[in-house]
Amino acid sequence: MLARSGPAVCPEVDEKPVLWCQQGSSDHWQVEPDGEVMRTSYNRRMLSDPSPNASSPLLAQLNDEQHRAVALPPEHALILAGAGSGKTRVLTTRIAWLLQTSQVSPGGILAVTFTNKAAKEMKLRLQSMLPVNVNAMWIGTFHGLCNRFLRAHYQLAGLPQTFQILDTQDQLSAIKRLCKQFNVDEDRFPPKQVQYFISGCKEDGQRPGDVPVRDDETRRKVELYQLYEEQCQREGVVDFGELMLRSYELLRDNVHVREHYRRRFRHILVDEFQDTNKLQYAWLKQLAGLPGEGGECAILAVGDDDQSIYAFRGARVGNMADFVREFQVKHQIKLEQNYRSFSNILDSANHLISHNKTRLGKTLRTDQGAGEPVRVVESPSDFAEAQWLVEELRQLVKQDGFERKEVALLYRSNAQSRVLETALFNAGFPYRVYGGLRFFERAEIKHALAYLRLMENPNDDTSFLRVVNFPPRGIGARSVEQLQDAARAAGCSLHDAVSATTGKAGANLAAFVAMVDVLREQTEGLTLREIIDLVLDKTGLVTHYRAEKEGADRVENLEELVNAAESFVTQEGFGRSAVALPQALSQSPASQGLSGSTQADAGLGTLDEFSEDGVIMSPLAAFLTHASLEAGDNQAQAGEDAVQLMTVHASKGLEFDAVFITGLEEGLFPHENAMNDFDGLEEERRLMYVAITRARKRLYLSHSQTRMLHGQTRYNLKSRFLEELPEECLKWVTPKNGGFSNIGSAGGGGASASGGGWPQTPAFNRHARPAWGQSSLSTETYKSPPVPVQKAEPEHGIAAGKNVFHTKFGEGKVLAVEGVGADARAQVNFPRHGVKWLALSVAKLTVV
DNA sequence: ACACGATTCGTTTTT
DNA sequence: CGAATCGTGT
């Protein structure tokens with residue numbers, strides 16, 4: 001095996017880690033210690049070693065870049081994989097190659113993704129490449145792997161063996177319950193906001209005691225966080241953030257566990273690395289060990305900073321630079337060959353994204369020809385846009401021979417789908433909408449699951465409350481309240497408090513608890529299918545929905561739940577009674593140092609203080625976990641040939657022959673709300689980049705002069721992104737300077753094909769104004785930024801460079817201060833909320 | 001306990 | 001505009 005990372009490969013370049021180097025080009029990127037990306041001169045020595053093993057047939061079909069990535073030595077590496085560059089192929093081929101060349105046994109591999117879909121895809125592809133048991137590897141989502149880990153070490157993690165997982169809905173209702181119990185003013189502390197706060201803390205790795213408290217509001221929120229944690233612990237449930245955080249803490253605090261896994265996993269592969277948050281990266285660090293901590297494993301991180309579109313939910317692109325620095329990454333490879341799109345499309349994407357300032361830098365290329373020009377279309381209204389779309393779609397299918405399912409209609413926000421749907425529906429054009437309620441999130445399914453969860457864990461108060469009176473059985477709000485009081489007084493779960501209640505309310509409650517208890521006994525030893533059938537019957541759920549006039553769909557869904565359970569059993573191999581999870585057999589501590597392929601398969605290893613794998617779980621428990629971690633598909637009619645409607649976010653990772661990007665208007669795309677955030681505009685631009693790169697052959701960009709939003713007609717300027725595309729790749733299907741989007745310069749664009757009746761002075765969307773300092777591309781003129789006032793230090797004591805605290809946004813750094821007296825305002829960069837201008841007379845800012 | 005009007009509030013999303 | 005939640009009346 002090759003030498004591990006240790007001393008820097010290029011001593012002459014001192015400690016400065018090289019973030020990027022591109023073979024054959026004259027420059028590369030370097031990351032300064034403060035994280036800033038700088039361009040420096042190229043150093044040929046920094047190139048990664050050529051592949052030691054070029055003969056494998058696995059590698060035959062790869063291009064040079066991919067080949068280098070797949071055959072890297074077992075050292076940390078970062079692959080910057082552009083859209084359509086064969087990222088998943090590299091990832092899976094890498095694993096296959098490592099196994100095939102006996103560099104690692106399946107048990108030594110951990111591959112982590114963000115979505116179940118990606119994990120499934122990876123396993124599937126691997127299986128088609130090699131005759132290998134993919135279950136011997138740890139392949140899954142961050143949360144899925146954490147769950148697996150915590151199930152194995154539930155005692156060390158301080159969890160009951162039957163711990164259940166709260167999804168976002170469950171978490172919110174648990175928080176609402178908590179707020180009610182502690183008489184929290186829901187106007188001052190909306191449960192949603194408390195939820196956001198708690199999730200944010202966990203993502204930052206903070207327990208209640210770690211959160212800096214500077215004002216009463218935060219203090220109260222931290223109290224609630226603390227209470228919420230106690231509640232979850234009492235009830236034996238964990239939320240998504242807790243899965244991550246607790247796994248991280250267990251690795252951090254338990255040296256035996258940590259050492260064990262560090263010995264075990266020789267190769268960690270991370271997909272979509274640009275989407276990792278702080279905690280996920282910290283978790284990876286614990287698992288892999290930094291250089292100098294005796295880490296023995298090699299991380300292969302694959303990502304694309306240009307496709308980072310989840311900063312709004314805590315993703316930190318900066319993890320890429322941190323990874324390179326902290327792990328002393330020596331191998332960095334760019335995958336820039338695109339196999340998806342014609343060059344007009346690709347050049348458009350490249351040109352657009354080049355407007356972003358903070359990039360690692362990467363330009364996609366293709367061998368395919370120019371292809372068709374990108375069509376830009378303007379419509380007078382959202383309604384007309386939808387009409388035109390339907391016509392174009394018809395033509396696309398009839399004349400140009402596109403398959404319907406190979407066409408996607410993309411939009412920035414879900415609300416935009418309605419007009420499109422209406423038009424498609426009226427035209428009788430087959431379509432399919434992605435997004436919305438997923439299978440396991442439907443109310444009737446959650447009800448059924450709540451019964452099942454109560455059978456597994458009677459202390460799950462969230463589930464208890466969900467179904468205690470559903471279907472209605474005479475247990476009203478006041479009975480429940482009494483029960484909650486009793487439980488609180490006794491410090492026990494609602495289930496346990498029932499026995500103490502009296503009266504007819506108590507009798508109803510007792511009957512409910514008895515029903516669940518009886519079900520638990522009756523279903524022992526039954527198959528999962530039998531269990532669920534029995535529960536649906538005995539709880540009266542099906543009967544209840546059958547009696548409802550709108551309940552047919554719900555009954556159907558409940559029947560589908562039985563099917564889902566059935567296919568879960570067959571797919572996951574869960575039999576009748578308790579079974580061991582089909583996981584890899586663990587290596588014993590004695591196998592330390594071995595990455596040999598025989599060791600892991602030899603038998604169940606013994607571990608001193610804990611058992612890692614071979615977790616015993618009932619099929620029901622396994623199914624409930626599955627339901628919590630995998631929300632299920634939105635719609636099942638997959639086979640139908642229908643045009644696909646989805647948000648741009650949802651389209652990431654997909655590709656289509658033809659793509660329509662609709663609603664390209666200022667305020668919508670880029671979205672007005674994104675403009676407040678730090679990096680907001682650039683993230684919107686990346687989003688646009690993702691949208692463009694979905695298209696293989698044909699791309700339409702469409703915007704409308706007016707749009708119905710929130711029941712009001714809004715007059716929007718066309719998106720600045722349209723101006724950021726290379727003119728030579730475009731074809732303006734409607735006159736570029738026609739219509740109202742150019743009022744003020746073109747002199748009243750009468751060329752519009754609109755139905756007339758426009759107001760003389762359109763009420764331009766007041767939200768659409770760019771923030772100060774941002775370039776405005778439209779013809780509208782903006783006030784220039786106020787001239788900074790440099791006078792004597794004002795009494796507020798706030799000045800550029802100082803750290804301040806704001807009750808809502810937390811701590812931030814002052815970038816600039818302007819104006820005096822009542823007019824004074826400060827520009828502050830808040831890590832979680834971005835850059836904001838705050839009027840000092842209004843905002844409560846305290847210098848830290 | 002439940003039904004029906006009044007209200008509020010509107011990005012993006014996975015686990 | 002339309003959903004989702006809220007509050008009041010029976």
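Naming convention: chains lettered A, B, ... in sequence-line order (proteins, then strands); numbering from 1 in each chain.
Ring geometry, A:Phe721 versus A:Phe669: the interplanar angle exceeds 60°, so the pair is classed perpendicular (tilted spans 30 to 60°). Between A:Phe440 and A:Phe623, the ring planes are perpendicular. Angles over 60° get that label, and only those under 30° would be called parallel. Between A:His649 and A:Phe312, the ring planes lie perpendicular to each other; the angle is over 60°, past the 30° to 60° tilted range.
If you take CD of A:Glu665 and P of B:dT11, they are 16 Å apart, rounded to a whole angstrom. Distance CZ (A:Arg686) to P (B:dT11): 21 Å, rounded to an integer number of Å. Separating the CG atom of A:Asn414 from the P atom of B:dT14 is a distance of 10 Å, rounded to the nearest angstrom. Distance A:Glu421 CD to C:dC1 P: 19 Å, rounded to the nearest Å. Rounded to a whole Å, the CD atom of A:Glu272 is 15 Å from the P atom of B:dT13. Taking atom CG of A:Leu420 as the reference point, atom P of C:dC1 lies 19 Å away to the nearest angstrom. One atom, CG of A:Asp187, and another, P of B:dT7, lie 16 Å apart when rounded to the nearest Å. With rounding to whole Å, A:Gln195 atom CD is found 13 Å from B:dT15 atom C1'.
Side-chain atoms of A:Arg313 lie closest to B:dT14 of the nucleotides B:dT14, B:dC2, C:dA3. Side-chain proximity of A:Ala650 to the nucleotides B:dT15, B:dT13, B:dT11 is greatest for B:dT13. Picking from B:dT11, B:dT15, B:dT14 the nucleotide with the shortest atom distance to the side chain of A:Asn116 gives B:dT15. Out of B:dT11, B:dT13, B:dT15, the shortest distance to the side chain of A:Glu684 is found at B:dT11. Comparing B:dT15, B:dT11, C:dA3 by their nearest atom to the side chain of A:Ala674 picks out B:dT11. Checking B:dT13, B:dT15, C:dA3 against every side-chain atom of A:Thr115, the shortest atom distance belongs to B:dT15. The side chain of A:Phe240 lies closest to B:dT15, out of B:dT13, B:dT15, B:dT11.
Both thresholds, 5.5 Å between centres and 30° between ring planes, are met by A:Phe312 relative to the base of B:dT12, so the two rings are stacked. The aromatic ring of A:His671 is stacked on the base of B:dT11, with the two ring centres less than 5.5 Å apart and the planes inclined by under 30°.
Two residues, A:Asn469 and A:Thr141, neighbour DNA chain B, and the one matched to the more 5' nucleotide by heavy-atom proximity is A:Asn469. In terms of position on DNA chain B, the residue among A:Val648 and A:His710 whose nearest nucleotide sits closer to the 5' end is A:His710.
For the pair A:Arg438 and B:dT14, the criterion of a side-chain N or O lying under 4.0 Å from OP1 or OP2 is met.
Between the side chain of A:Thr168 and the base of B:dT15 there is at least one donor-acceptor pair of N/O atoms closer than 3.5 Å.
A cation-pi arrangement is not found for A:Arg207 relative to A:Tyr225, the charged atom failing to lie both closer than 6.0 Å to the ring centre and inside a 45° cone about the ring normal.
Rounded to whole Å, the P atom of B:dT12 lies 16 Å from the corresponding atom of C:dT5. Taking atom P on both C:dA4 and B:dT13, the two are 15 Å apart, rounded to the nearest angstrom.
Of all nucleotides present, none satisfies the Watson-Crick or G-U wobble test against B:dT11 with each distance under 3.5 Å.
Of the charged side-chain nitrogens involved, none lies within less than 4.0 Å of a carboxylate oxygen, so that A:Arg442 and A:Asp553 do not count as a salt-bridged pair. Salt bridge absent: A:Lys117 and A:Glu121 never bring a charged side-chain N and a carboxylate O closer than 4.0 Å. Between A:Asp167 and A:Lys446 there is a salt bridge, with a side-chain nitrogen of the basic residue lying less than 4.0 Å from a carboxylate oxygen of the acidic one.
B:dT11 has its base syn relative to the sugar, with a glycosidic angle deviating from 0 by at most 90°.
Among the protein residues, A:Tyr310 comes within range of the sugar-phosphate backbone only, with heavy atoms under 4.0 Å from sugar or phosphate atoms but none that close to a base. Within the nucleic acid shown, A:Arg418 comes within 4.0 Å of sugar-phosphate atoms alone, with no base atom in reach, counting heavy atoms only. Note on A:Leu410: nothing from the nucleic acid sits closer than 4.0 angstrom, heavy atoms only.
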